[in-house]
S.K.: 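Can you keep this structure in mind? I'll have questions shortly.
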Amino acid sequence: MLLKLYQTGQPILRKPAKLVSSAALKTPRVQEVIDYMIATLRDAPGVGLAAPQVGEALQIIIIEDKAGYHEQIPAAVLKAQGRKSVALRIIVNPVMEILDTELLCFFEGCLSVEGYVAVVPRAQSVRVRGWDRHGRAVTFTASGWAARIIQHEVDHLRGKLYIDSMVPASFMTLKNFNAGWRKALPERIKKAFNP
Ligand code: ZN
């Protein structure tokens, strides 16, 4: 089943999500939410989704970056972004730690801010600890684009959207991004928006 993607302006996106108890995680209801989140992410398609985006105030994030999503992106851009395919990961109650504070500036979008993108400075590398969907402890160390996705999704669990930390002048429609910025390398982004 596909779930409704809540859009900015809907209050649930601004509220901190609740910790999921191990008992709650094992219920068919929460397992079903996870299955539907995966289906919804793939349908969009997107590379990350947090439970509040589908109307559930729970600390659950999923990420998946398929190689097929990279086909239209120039190799030089993928390299600069540190973007590689990431297999599906479900992280419950994530606790994130910044490993490398160097900030990288790239455009990103959000399934809850449909039709727009902006430049967002993000740490280059993070580690996240939490549970998988069965309540087993998991640790995920991510750098480059995967680190960006994790930071974006963990922000959702705190009621934060990328528009809170973007470079304001870089906020643009997806149409304008595709026309003028899709192939931009970091030097050009930096020169234009001086983040
Ligand atoms: Zn988002």
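Every number for a ligand or one of its atoms is a count from 1 in the order of the listing.
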S.K.: Are Arg148 and Asp65 ion-paired here, with the side-chain N under 4.0 Å from a carboxylate O?
M.R.: no
S.K.: Look at the rings of Tyr162 and Phe171 and say which category their plane angle falls in: under 30° parallel, 30 to 60° tilted, over 60° perpendicular.
M.R.: tilted
S.K.: Closer than 4.0 angstrom, basic N to acidic O: yes or no for Arg89 and Glu64?
M.R.: no
S.K.: In terms of relative ring orientation, are Phe193 and Trp181 parallel, tilted or perpendicular, with 30° and 60° separating the classes?
M.R.: tilted
S.K.: Anything under 3.5 Å between a donor and an acceptor, one on a side chain of residues 9-16, the other on a protein residue two or more places apart or in another chain? List them.
M.R.:
residue: Gln10; atom: OE1; partner: Gln7; partner atom: N; Å: 2.7
residue: Arg14; atom: NH1; partner: Gly159; partner atom: O; Å: 3.1
residue: Arg14; atom: NH1; partner: Asp164; partner atom: OD1; Å: 3.4
residue: Arg14; atom: NH1; partner: Asp164; partner atom: OD2; Å: 2.7
residue: Arg14; atom: NH2; partner: Asp164; partner atom: OD1; Å: 3.0

S.K.: Is it true that Asp100 and Arg127 make a salt bridge, defined as a side-chain N closer than 4.0 Å to a carboxylate O?
M.R.: no
S.K.: Number of protein N/O/S atoms less than 2.8 Å from the Zn ion (ligand 1)?
M.R.: 3
